[in-house]
Amino acid sequence: MEPILQVRNLSTYYETDKGDAHAVENVSFTVRRGEMLGLIGESGCGKTTVAQTILRLLEYPAKVVSGEVLLDGKDLLQASDKELEKIRWSEISVIPQSAMNALNPVHQIGQQIMESILIHEKVSKQEALNRTRELLELVGIDSDRWRSYPHEFSGGMKQRVAIAMALSCNPKLVISDESTTGLDVLTQAQIIALLKRLQKELNLSIILISHDLPMVTAICDRIAIMYAGKITEWADTQDILQDARHPYSKGLLHATPDLANPDKKVISIPGTVPNLVVPPKGCRFYSRCSYAIEHCQQEPPELKEVKPDHYAACFVEEGRK
């Protein structure tokens, strides 16, 4: 399947008083047209930094050190501000982590959706309003509620409005950045089911950023697992579940409760993420890995194809083949 997005050797650092924090380093992955890719890992592993780098939303002290972000072959990192204005929302958009902060409390939600349509498309106000009403219906909100203000909506409905805004200009790719965080479990399930339905109906490509492994494995076509700023494994979802190759992936699976097997013991991953201002010379997971060998401490493993369409960065896995 043709990739719509190609991220190649992307590195993004944050300047600090003690040196650069290597928040994202040599990250590479692709998103196919019409697929949902889950980008998962612990808090602080670089997921949101990847998303904001793709969208060119980072400001000082962040800096992009190297890499390419190709959207249908165009490198977004080299695009001018004027080009980005045309690309954002119309080709790539984002569903923010907190709809509460994303929506303006003093404007009707319909006005806020219409604004992006009027800016990016040559349509009349009536046409923009008609499109807004259609979008509200699409995400499960009565179209007459376009006159409502954000405070009149529940958290789940605000998130649905944020999804409608992200879809307002028919983008090819949507990045959902922890968009269910802070919602109750039932509402989370409804929002995730909505995203999956929209992906199928609109043939959307979606990057779903989350630390919720069970949720991601339930709806994503493929998964890229990040640890301490790097991709450690990347494959089809079922392949990860049935044949995880990186120790970190195995650790995440073992640390997740299995509702179908309540007697299964949950095993946490010991230790903490390393200091990325002074990152380890070798594998960044070395100090927490029960499979580590001496070579793991000497140089970082490269992300390699360990089986068709299945990539892992692990010297132990290489030695197993």
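Values reported hereafter were calculated over all heavy atoms of this structure, with side chains retained and with hydrogens, waters and symmetry mates removed.
- To the nearest 0.5 angstrom, Ile206 atom CD1 is 8.5 Å from Cys220 atom SG.
- One distance of note links CZ of Phe29 with CH2 of Trp234; it measures 8.5 Å at 0.5 Å rounding.
- Under the 4.0 Å criterion applied to side-chain N and carboxylate O atoms, Asp177 and Lys47 are not assigned as salt-bridge partners.
- Salt-bridge annotation for Asp221 and Arg32: absent, with no side-chain N of the basic residue lying under 4.0 Å from a carboxylate O of the acidic one.
- Going from atom OG of Ser176 over to atom CD1 of Ile207 covers 10.5 Å, rounded to the nearest 0.5 Å.
- For the pair Arg245 (side chain) and Ala312 (backbone), a donor-acceptor distance under 3.5 Å is absent.
- In this structure, Lys63 places its NZ atom where more than 12 heavy-atom neighbours from other residues, nucleotides or ligands lie under 6.0 Å away.
- Lys86 NZ to Glu91 CD: the interatomic distance, rounded to the nearest 0.5 Å, is 10.5 Å.
- The backbone N or O of Gln108 lies less than 3.5 Å from a partner atom in the side chain of Gln111, making a donor-acceptor pair.
- No donor-acceptor distance shorter than 3.5 angstrom exists from the side chain of Ser11 to the backbone of Glu25, with no hydrogens or angles considered.
- If you take CD1 on Ile95 and CG on Leu167, they are separated by 6.5 Å, rounding to the nearest 0.5 Å.
- With contacts defined as side-chain heavy-atom distances shorter than 4.5 Å, the pair Phe285/Thr232 does not qualify.
- Ion pairing between a basic and an acidic side chain is recognised when a charged N comes within 4.0 Å of a carboxylate O; Glu42 and Arg288 show such pairing.
- With hydrogens and angles ignored, the 3.5 Å screen pairs no side-chain donor or acceptor of Asp236 with any backbone N or O of Gln238.
- For Gln199 (side chain) and Ser205 (main-chain N/O), no donor-acceptor pair under 3.5 Å exists by modelled atom type.
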